[in-house]
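Order of the sequence lines sets the chain letters (A, B, ...), proteins ahead of strands, with each chain counted from 1. Remember, it's a predicted structure, so these values are computed and weren't measured experimentally.
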Amino acid sequence: MSTTLPPDLPLATRFAALVLDWYGENARDLPWRTPDATPWDVLVSEIMLQQTPVSRVLPAYQEWMTRWPTPAALAADEPGEAVRAWGRLGYPRRALRLHECAVAITSRHGGELPTDLEALLALPGVGAYTARAVASFAYRQRHAVVDTNVRRVLSRVVTGVADAAPGSATRDLALAEPLVPTDAGVAARYAVAVMELGALVCTARAPRCADCPVVADCAWFRAGKPAYDGPVRRPQGYAGTDRQVRGRLLAVLRDADGPVPQAALDVVWHDPVQRGRALDGLVTDGLVDPLPDGRYALPGAR
DNA sequence: CAGACGTGGCT
DNA sequence: TAGCCAAGTCT
């Protein structure tokens with residue numbers, strides 16, 4: 001990567017210009033980024049991409065959008081079908097919330113995604129990141145859009161630290177805001193560009209600094225790429241947890257054509273106490289419906 | 001604010 | 001191999 005930008009430009013100006021230029025040549029061709037992508041397309045992709053890699057989202061996304069191209073289409077179907085189509089993307093509550101989103105959008109917003117941040121934030125499963133992502137990517141508004149990629153990039157470039165400490169959304173936005181270009185359209189392209197840089201170059205594991213367009217402005221690189229020495233992140237353990245049991249229980253229901261007997265669920269985990277707790281949790285979350293006859297099913301229309 | 005919440009690929 | 005990591009949100 002090379003640049004001929006004057007080195008005396010303010011960091012914010014240089015950073016945005018360099019990242020935008022890089023994005024122009026290195027952006028991936030993803031279906032939710034096409035010019036004809038609707039706000040609904042953007043929202044569905046954002047929800048699916050929460051904690052889930054692009055490679056796994058791609059096939060599920062294509063199938064989902066073919067089946068439910070509009071919020072009204074999804075709202076007209078049963079929530080259990082959304083959970084089933086979610087497949088093995090993980091965190092299936094997202095499927096349920098996406099269905100709730102579709103219902104809310106259809107009933108309260110005439111079937112169109114709202115355009116203002118407050119209304120977006122009010123939708124189920126839409127938080128500080130996703131609301132700004134939709135407002136920016138779909139409506140070309142000017143917002144600081146901060147996800148884990150952006151947090152890492154800014155931590156390195158601006159703060160000079162290898163990784164963002166677990167922090168508040170307020171602090172993240174304060175760090176990101178000064179770098180956002182003034183013009184809304186430019187800001188929207190900048191938002192996706194910084195994320196892309198974090199996803200492809202300024203990665204968590206083995207950053208490709210040699211290919212980075214802003215390496216000359218990176219405080220972390222200039223400091224010799226010191227190792228992260230901040231607060232230790234909590235372990236992410238999975239084996240043996242309720243989450244694993246929930247996953248197995250739900251997989252049985254996803255793969256079944258209809259309601260299943262208790263016995264079909266009992267075989268997936270040896271410990272009846274943990275199994276019962278996990279099943280109760282799924283019912284509480286609305287991911288599983290206990291039927292009057294003792295069987296269990298994915299949530300129906302009710 | 002810390003912890004819960006899935007899943008699979010990569011090092 | 002075991003652990004790390006992936007476009008977060010909710011409580």
| task | Pull out every residue in residues 142-157 of chain A that has a heavy atom closer than 4.0 Å to any atom of DNA chain C, ordered by number, or say none. | result | A/Asp147, A/Thr148, A/Asn149, A/Arg152
| query | At under 4.0 Å between heavy atoms, what does A/Ala133 touch on the DNA or RNA strands: base, sugar-phosphate, or nothing? | reply | nothing
| Nearest-Å distance, CG (A/Leu250) to C1' (B/dC5)? | 12 Å
| said: Less than 4.0 angstrom between a side-chain N/O of A/Arg246 and OP1 or OP2 of B/dG6, yes or no? | reply: yes
| request: Using a 4.0 Å heavy-atom cut-off across all strands, classify A/Leu89 as base, sugar-phosphate, or nothing. | output: base
| said: Side-chain N or O of A/Gln51 versus OP1/OP2 of C/dG8: is the shortest distance under 4.0 Å? | reply: yes
| field | Euclidean distance, A/Arg156 CZ relative to A/Cys209 SG, rounded to 0.5 Å | value | 7.0 Å
| task | Could you tell me whether A/Gly90 contacts a base, only the sugar-phosphate backbone, or nothing, with contacts defined as non-hydrogen atoms closer than 4.0 Å? | result | base
| request: Using a heavy-atom cut-off of under 4.0 Å over every strand shown, decide if A/Ala206 touches base, sugar-phosphate, or nothing. | output: nothing
| field | Cluster check A/Ile105, A/Leu121: I/L/V/M/F/W/Y, side chain < 4.5 angstrom | value | no
| field | Same apolar cluster (I L V M F W Y, side chains within < 4.5 Å links), A/Val180/A/Val214 | value | yes
| field | Proximal nucleotide (of B/dG6, C/dC10, C/dA7) relative to the A/Leu30 side chain | value | C/dA7
| said: Please give me the minimum heavy-atom distance between A/Ala191 and A/Ser136, naming the atom from each residue. | reply: CB-OG, 3.7 Å
| Rounded to whole angstroms, how far apart are CH2 on A/Trp86 and C1' on B/dC5? | 13 Å
| said: At less than 3.5 Å, do the side-chain atoms of A/Thr52 and the base atoms of B/dG6 form a donor-acceptor pair? | reply: yes
| same_hphob_cluster(A/Leu200, A/Trp220) at 4.5 Å side-chain heavy-atom cutoff | no
| query | Taking OP1 and OP2 of B/dC1, is either one under 4.0 Å from a side-chain nitrogen or oxygen of A/Ser168? | reply | no
| message | Heavy-atom nearest nucleotide on DNA chain C for A/Val54 versus A/Leu123: which residue maps closer to 5'? | response | A/Val54
| field | Over all atoms of both residues, closest heavy-atom pair of A/Asp242 and A/Gln274 | value | OD1-NE2, 2.9 Å
| said: Using a 4.0 Å heavy-atom cut-off, does A/Arg28 contact any base of the nucleic acid, only the sugar-phosphate backbone, or nothing at all? | reply: base
| task | Can you tell me, in whole Å, how much space there is between the P of C/dA7 and that of B/dC5? | result | 22 Å
| Rounded to whole angstroms, how far apart are CG on A/Leu120 and P on C/dG8? | 17 Å
| For A/Phe137 and A/Pro124, take the nucleotide of DNA chain C holding the closest heavy atom to each; which residue's nucleotide lies nearer the 5' end? | A/Phe137
| field | Which residues share a side chain to side chain donor-acceptor pair (under 3.5 Å) with A/Arg208, sequence neighbours left out | value | A/Asp211
| remark: Taken to the nearest whole Å, CZ/A/Arg205 to P/C/dA6 is 8 Å
| task | Figure out the CZ/C1' separation between A/Arg88 and B/dG9, and round it to whole Å. | result | 14 Å
| Quick one: do A/Phe137 and A/Tyr23 end up in the same hydrophobic cluster if we chain Ile, Leu, Val, Met, Phe, Trp and Tyr together by side-chain heavy atoms under 4.5 Å apart? | yes
| Whole angstrom value for the distance that separates P of C/dC10 from CG of A/Leu96 | 13 Å
| task | Return the nearest nucleotide to the side chain of A/Pro92; candidates are B/dG6, C/dA6, C/dA7. | result | B/dG6
| message | How many whole angstroms separate atom OH of A/Tyr91 from atom C1' of B/dT7? | response | 9 Å
| Closest heavy-atom contact between A/Val158 and A/Ala219? | O-CB, 4.0 Å
| NA contact type, A/Val57, heavy-atom cut-off 4.0 Å: base, sugar-phosphate, or nothing? | nothing
| message | Check whether A/Asp289 reaches the backbone of A/Gly300 with its side chain - one donor and one acceptor, N or O, closer than 3.5 Å. | response | yes
| query | Are a donor atom and an acceptor atom from the side chains of A/Tyr129 and A/Gln50 found within less than 3.5 Å of each other? | reply | no
| message | Let's test your reading of the model: under 3.5 Å, does the base of B/dT7 pair with the side chain of A/Arg56 as donor and acceptor? | response | yes
| Of all the choices, B/dC5, C/dA7, C/dG8, which nucleotide is nearest to the side chain of A/Gln50 once you look at every atom? | C/dG8
| said: Whether A/Tyr238 contacts B/dT7 is assessed here as follows: a side-chain N or O lying under 4.0 Å from the phosphate OP1 or OP2. Is that the case? | reply: yes
| query | What integer distance in Å separates A/Asp285:CG from B/dG6:P? | reply | 7 Å
| remark: Within residues 252-277 of chain A, the residues having a heavy atom closer than 4.0 Å to DNA chain C are none
